[in-house]
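What you see below is based on every heavy atom in this structure, not just the backbone, and it leaves out hydrogens, waters and symmetry mates.
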Amino acid sequence: MAVNTHRANCANAQNPGCKCSGCGGSLHGWDGWATLAVERPAVRDERRRTLNGDIQKGRAGELRSNARNRQASLDLARLGIVEHLWATDPRPKAEGRLERDFQIGDRVALSFDNGRMNILADALMVDPWDEISRDIDSLVQNEATAREVKKGLASHGWCRLLMALIQLIEKINKVIGLFTDAAKQAVKKALSNHFTSRISEMVKDAVVDIVVDKVWAALTRLLEAHFPLLGADTVRVLRMLAVFACPSVERHRDVYQHAVVPLMGDAHGLVAEDVKAQVVTLFTAWWQRKGPEPAL
């Protein structure tokens with residue numbers, strides 16, 4: 001099989017959508033936002049100026065209800081979350097920058113959102129990917145089909161998996177409940193329902209088993225390292241990951257309803273009021289046009 005490659009424009013979510021077979025969506029978007037969270041304030045200020053400049057308004061000053069404005073407004077909300085990650089990171093800031101080096105067993109890193117989010121992302125998405133990719137190659141044994149499968153994962157597979165984990169964690173109050181067969185099957189069902197590609201049911205089921213089994217093994221390692229898998233802090237950073245990783249929130253209603261909206265309403269004040277108003281105005285109009293059925 002060909003060696004997987006991953007492009008910077010995918011990591012930085014420069015275009016809506018993700019069809020990167022190189023990362024299968026495991027590095028899409030969130031990696032670029034996490035990098036921005038350790039940069040100097042001036043870098044984020046420049047990003048904010050660019051995003052504000054992308055906002056289109058009509059002659060009367062009203063927001064135009066279009067895809068460009070939805071994307072820019074959502075990115076401004078993401079940037080607000082990034083600012084929170086930087087501002088609440090207690091480590092020394094050398095000329096405004098932070099090191100992006102978090103260890104799973106570092107008790108200090110587990111005490112703030114930037115550390116928790118990066119540890120979770122590395123454990124659940126980055127570290128398992130090479131093995132997931134190899135297992136898909138072995139399963140399919142056809143390069144074109146293997147790439148198609150990985151592109152299917154890239155198209156909302158990871159954010160759907162994260163949303164299933166979030167909803168699962170919100171329902172349980174003891175960590176043992178996370179490791180039941182029923183919990184694992186619920187996540188598998190959520191990921192299975194995501195696939196709409198032309199791959200066979202047998203291949204789809206096998207791919208879902210591969211991905212969820214690797215993620216479950218990662219959760220076990222996190223538990224063994226005393227990572228706090230339950231609670232509001234973990235749910236918050238999982239929501240951040242879902243919002244950062246989602247290739248197109250306007251095509252993934254669950255991410256908007258169960259990740260974007262709760263983060264905008266978070267007591268930590270992650271997103272500025274004017275940005276919230278823009279996002280709510282634009283996306284409320286969008287969902288009304290899309291109708292009651294889920295977009296995916």
Side-chain angles (χ1 to χ4, degrees), residues 1-34 120-168 184-219 238-239 241-255 259 294-296:
M1 291 289 178
V3 176
N4 291 321
T5 57
H6 181 245
R7 299 181 179 181
N9 65 348
C10 178
N12 294 324
Q14 291 175 354
N15 300 305
C18 178
K19 297 180 180 179
C20 182
S21 63
C23 79
S26 64
L27 289 175
H28 174 80
W30 79 263
D31 190 42
W33 291 107
L120 272 173
D122 285 341
L124 299 181
M125 300 168 74
V126 179
D127 295 343
W129 173 247
D130 284 344
E131 195 172 352
I132 289 171
S133 179
R134 288 194 299 270
D135 285 357
I136 291 172
D137 290 345
S138 297
L139 170 72
V140 178
Q141 296 188 340
N142 175 282
E143 185 173 335
T145 305
R147 289 188 183 279
E148 182 71 17
V149 169
K150 293 171 189 177
K151 287 179 180 179
L153 278 173
S155 178
H156 297 279
W158 285 99
C159 48
R160 183 168 287 252
L161 187 149
L162 289 169
M163 293 309 304
L165 277 178
I166 289 166
Q167 291 169 0
L168 181 61
K184 190 174 184 180
Q185 291 305 315
V187 175
K188 284 186 176 182
K189 182 180 179 181
L191 185 57
S192 179
N193 289 342
H194 149 76
F195 274 101
T196 57
S197 65
R198 293 183 296 273
I199 63 174
S200 70
E201 285 293 314
M202 184 179 298
V203 170
K204 180 185 75 173
D205 290 344
V207 169
V208 169
D209 285 344
I210 288 170
V211 175
V212 178
D213 285 350
K214 296 296 186 294
V215 169
W216 237 248
L219 287 170
L238 282 172
R239 282 179 174 141
L241 272 179
V243 173
F244 290 159
C246 186
S248 177
V249 171
E250 67 178 34
R251 299 292 177 185
H252 199 163
R253 195 184 300 243
D254 278 354
V255 170
L296 281 181

Query raised in the report: What pairs with Ala164 under side chain to side chain contact (heavy atoms under 4.5 Å, CB included), at least two apart in sequence or on another chain?
Result: Val187, Ala190
Within a strict 4.5 Å, meaning less than it, do heavy atoms of the [X] and [Y] side chains meet?
X	Y	answer
Lys150	Val207	no
Leu165	Leu124	yes
Asp213	Trp216	no
Ser155	Ser248	no
Met125	Leu162	yes
Ile136	Leu153	yes

Query raised in the report: Just how far is it from atom CH2 of Trp129 to atom CG of Asp122, taken to the nearest 0.5 Å?
Result: 16.0 Å
Query raised in the report: Between atom CG of Leu241 and atom CZ of Phe244, what is the distance when rounded to the nearest 0.5 Å?
Result: 8.0 Å
Distance-minimising heavy-atom pair for [X] and [Y]:
X	Y	result
Cys159	Pro247	SG-CD, 3.9 Å
Leu139	Ile210	CD2-CD1, 4.2 Å
Ala242	Met163	CB-SD, 3.8 Å
Cys246	His252	SG-CB, 3.7 Å
Asp205	Ser192	OD1-OG, 4.1 Å
Ala146	Val140	N-CG1, 3.7 Å

Query raised in the report: For Asp135, what residues pass the salt bridge (charged side-chain N to carboxylate O under 4.0 Å, His left out) criterion, not counting sequence neighbours?
Result: Lys214
Query - Set of residues satisfying salt bridge (charged side-chain N to carboxylate O under 4.0 Å, His left out) with respect to Asp209, sequence neighbours excluded - result: Lys188
**Report entry** Salt bridge flag under 4.0 Å for residues Glu201 and Lys204
**Finding:** yes
